[in-house]
Amino acid sequence: MAPSEDPLRDSDSEKIIRDPIHGFVKLSEWEQRIVGHRVFQRLRRIRQLALTEMVYPGACHSRFEHSLGVMHVATMMFDRLRPQLEAAGELGFSRNDLDRARVIVRLAALLHDVGHGPFSHSGEGLMPTNPVTGKRFKHEDYSAAMIRHLMSEVIDDDPSSPW
């Protein structure tokens, strides 16, 4: 089947994922590689609402699904605000600035939860203590470390990366 005939592709480089809540979520070629990375794929096994599905059987979505949805909604919000940003000439945003900002918004939304552990927020009380601050590490700390150290080859060094 040629790429243009594939129902999961909008173009040769975009993939469309069918989300039960948000409908069609589009991923660029670069975003597809990020989603395919082992760090992101582990979110498929982490429940968004920890053990809530034991009481509410419908509450069974994963951090993977949640992250795709957050990226989709953040993109819709950005796209809705973009005309006002373009019209506000005194802010000095060029078209390229806004294109780059859109990529950053999508990336931040997509990766915001990669540091979550198996029981989501419920398990954060078991995380080790940061020797510098004396406080427990949070999933945001792990997210930043995973992105910086484990995902740099797909984010910064990938040939289709916009940077």
Side-chain angles (χ1 to χ4, degrees), residues 1-82 101-130 133-156 158 160-162:
M1 177 183 302
S4 59
E5 297 172 20
D6 187 343
L8 298 178
R9 295 201 181 275
D10 189 35
S11 68
D12 288 343
S13 63
E14 275 192 335
K15 181 175 186 173
I16 299 174
I17 297 175
R18 174 72 170 106
D19 182 86
I21 305 298
H22 303 290
F24 296 109
V25 177
K26 294 180 181 182
L27 295 173
S28 70
E29 190 176 328
W30 177 57
E31 292 165 342
Q32 291 171 54
R33 281 194 277 285
I34 292 169
V35 167
H37 193 279
R38 63 188 167 86
V39 169
F40 194 84
Q41 285 292 311
R42 66 183 271 286
L43 296 178
R44 289 181 182 274
R45 298 182 306 274
I46 299 174
R47 294 287 174 211
Q48 173 71 14
L49 300 172
L51 298 172
T52 305
E53 70 183 287
M54 302 304 284
V55 177
Y56 301 99
C60 60
H61 61 288
S62 68
R63 289 274 168 189
F64 180 89
E65 296 159 318
H66 165 73
S67 295
L68 290 173
V70 170
M71 182 193 69
H72 180 71
V73 170
T75 302
M76 289 189 321
M77 292 168 59
F78 183 87
D79 290 348
R80 185 72 185 244
L81 291 171
R82 186 173 182 146
R102 187 178 192 269
V103 169
I104 292 168
V105 164
R106 287 178 61 84
L107 186 62
L110 184 63
L111 297 178
H112 80 280
D113 272 352
V114 294
H116 267 288
F119 294 103
S120 212
H121 292 285
S122 305
E124 285 187 348
L126 301 173
M127 289 186 175
T129 302
N130 181 335
T133 65
K135 297 180 180 178
R136 290 199 183 278
F137 285 107
K138 295 184 176 187
H139 79 274
E140 293 91 349
D141 301 313
Y142 286 98
S143 292
M146 290 171 131
I147 292 165
R148 189 175 297 117
H149 300 290
L150 300 177
M151 297 186 80
S152 65
E153 77 276 2
V154 75
I155 293 173
D156 298 321
D158 190 88
S160 62
S161 168

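Just so it is clear, the values below take in all heavy atoms, side chains as well, and ignore hydrogens, waters and symmetry mates. Nothing here was measured: the structure is a model prediction, and the numbers come from that model.
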Can Gln41 and Arg44 be counted as having a side-chain donor-acceptor contact under 3.5 angstrom? yes
When you compare the side chain of Arg38 with that of Leu150, does any pair of heavy atoms fall below 4.5 Å? yes
How long is the gap from CZ on Arg47 to NE2 on His116, to the nearest 0.5 Å? 14.5 Å
Minimum heavy-atom separation for His72 to Phe24, with atom names? CE1-O, 3.4 Å
In terms of heavy-atom contacts, does CZ of Arg148 have more than 12 from other residues, nucleotides or ligands at under 6.0 Å? no
Atom NE2 of His149 and atom CE of Met151: how far apart are they, to the nearest 0.5 Å? 13.5 Å
Quick check on side-chain contact (heavy atoms from CB on, under 4.5 Å): which of Val105, Ile104, Leu111 does Leu107 satisfy it with? Leu111
Check side-chain contact (heavy atoms from CB on, under 4.5 Å) between Val103 and all other residues, then give those that pass, not counting sequence neighbours. Trp30, Pro162, Trp163
Could you state the interatomic distance from CZ (Arg42) to CE (Met146), rounded to the nearest 0.5 Å? 4.0 Å
What I'd like to find out is whether the side chain of Val70 reaches to under 4.5 Å of the side chain of Leu110, using heavy atoms alone. no
Straight-line distance of Ile17 CD1 to Gln32 CD, nearest 0.5 Å: 8.0 Å
By side-chain contact (heavy atoms from CB on, under 4.5 Å), which residues pair with Glu31, not counting sequence neighbours? Leu27, Ser28, Met71, Arg106
Ring geometry between His66 and His112 (parallel below 30°, tilted from 30 to 60°, perpendicular above 60°): perpendicular
Which residue pairs pass the salt bridge (Lys or Arg N to Asp or Glu O under 4.0 Å) test with at least one member in residues 70-79, sequence neighbours excluded? Asp79-Arg102
Where is the tightest heavy-atom contact between Ser143 and Val114, given as atom of each residue plus distance? OG-N, 3.6 Å
Restricting to non-hydrogen atoms, name the atom on Val25 and the atom on Asp19 that form the minimum distance, rounded to 0.1 Å. CG2-CB, 3.9 Å
To the nearest 0.5 Å, atom CZ of Arg82 lies from atom CE of Met77 at 16.0 Å
CD1-NZ distance between Ile16 and Lys26, expressed to the nearest 0.5 angstrom: 5.5 Å
